[in-house]
Number of protein chains: 2
Amino acid sequence: MIEPVKKQRRGEETKKKILAVALRLFAEKGFNKVTVDDIVKKSATSKGSFYQHFRSKSDIFLVRFTEVDNYYLEVYESFPENMDPIEKLSIFSQKLMNFLEVEMGKDLMKVIYNAALESKEHTYFLDSNRSLFKITRKLLEEAIEEDKIDSELSLDDVSTMITQSFMGSIYHWGLQNTDRSLESFSKPFVKTLLKGISKTT
Amino acid sequence: MIEPVKKQRRGEETKKKILAVALRLFAEKGFNKVTVDDIVKKSATSKGSFYQHFRSKSDIFLVRFTEVDNYYLEVYESFPENMDPIEKLSIFSQKLMNFLEVEMGKDLMKVIYNAALESKEHTYFLDSNRSLFKITRKLLEEAIEEDKIDSELSLDDVSTMITQSFMGSIYHWGLQNTDRSLESFSKPFVKTLLKGISKTT
DNA sequence: TATAGTATCAGACTACAGTCTAGTTTTTTG
DNA sequence: CAAAAAACTAGACTGTAGTCTGATACTATA
């Protein structure tokens, strides 16, 4: 055989086809208005293929959520060395929330928050939370090193609080039927929390 | 007719019967393991009756959640006049979280959080949140009156933050597969938030 | 190239929430 | 009290996510 690269499996093509059609349909009609049957019909595949490549209907939607991880890191690495870690945290949160709102959208976020609560196992959400967790911990470690954090609080405590404040803002925003932005929910919240965390001088 | 009271409608009996059986089954096997068919079979009623009296499967489960409202008020009214409103808030949160964990349980809370995110309309959750909202606002108004709150923050801001911190703690706890208590999630969080909210003297 | 093993695929089938319709019982009204 | 209206009930039916089974295509190996 001349071609050295293993011939791509049929499956990869099918998977891509399903994904493309599904994402288009979700964008057009919204997650709940699209059925798996629609997807396999429009992509000329079958249920068998669908569930060969994806664990569930929401799983396929969650694929988009993998982009978040990259974004986390990107933001993290963009900070100048000497920036105040508390400020880094604050900016990090705002960029994050903005990204989730603008790039992901409320519909996706709601599906993700639902799926995470329902599934016993792995979801991209929990994975990426782990990555988010790592970054906030790093930033917090810096802050502790510079003695900026109330010494009554452990790293775990603080890091958990940050996570919770993100979840709280997002969940609350997801409940809302208005156009009020996610950032407007999270900004004062995170700011106040960071103030509470900081060493009182 | 001698009896002055209107004869109770058949329906009331059926409703009670369904409710009793359903709650028992939920307690025995957990919400997701019980089907509506199970419930109507065990209660010797029918789908028609079930949906005549309840809007959905989760709706029936949510009935239990109405107790929360009473508890909110009870706690609120139990505070002595002259207590520091910030302390009231702190105690209120802890009692609330404890109640949700012990009396409602994680399973119910997860269903509620899911249902709220999915439904476009009314749920007991949103209703009772409104009531929770009122109480936290009252407590915050007291605090503002006594000039205990950072004057940069509006009543709305602060009240929203409190709500979000509850939601964040509960959601995060719901995600957890460990036995870690809800109170252990919310306590440091609320404490820190209240510190951030308070006027720095 | 024949054979065995594995990945992929089609679509019938299952499980279950929720809807619909037709019939029954109870209440109201004239 | 009879007729009409309303409340209630049974269970067949629908919609849809997800499972299962048995083909089919591809790959590796001899």
Quiz item: Is Glu12(B) salt-bridged to Lys16(B), going by a charged N under 4.0 Å from an acidic O?
Solution: no
Tell me the interatomic distance from [X], atom [atom1], to [N], atom [atom2], rounded to whole angstroms.
| X | N | atom1 | atom2 | answer |
| --- | --- | --- | --- | --- |
| Glu118(A) | dG18(D) | CD | P | 9 Å |
| Ile60(A) | dT16(D) | CD1 | P | 17 Å |
| Lys16(B) | dT9(D) | NZ | P | 13 Å |
| Tyr51(B) | dT14(D) | OH | P | 17 Å |
| Ile39(A) | dA17(D) | CD1 | P | 8 Å |
| Asp37(A) | dC13(C) | CG | P | 15 Å |
| Lys33(A) | dG15(D) | NZ | P | 16 Å |
| Phe26(A) | dA17(D) | CZ | P | 9 Å |

Quiz item: Quick one: side chain to side chain donor-acceptor pair (under 3.5 Å) partners of Asp150(A), sequence neighbours excluded?
Solution: Lys195(B)
Exercise. Using the side chain to side chain donor-acceptor pair (under 3.5 Å) rule, collect all pairs that involve residues 81-93 of chain B, keeping only residues at least two apart or in two chains.
Key: Asp84(B)-Lys148(B), Lys88(B)-Glu142(B)
Quiz item: Does atom NZ of Lys187(A) have more than 12 heavy-atom neighbours from other groups under 6.0 Å away?
Solution: no
Exercise. Could you tell me if the ring centre of Phe185(A) sits under 6.0 Å from that of Phe189(A)?
Key: no
Quiz item: Should the ring pair Phe31(A) and Phe26(A) be called parallel, tilted or perpendicular, given that the plane angle runs from 0 to 90° and is split at 30 and 60?
Solution: tilted
Quiz prompt | Contact letters for nucleotides 5-10 of chain C, in which S counts primed atoms plus P, OP1 and OP2 and B counts the base, heavy atoms under 4.0 Å | solution = --SBSB
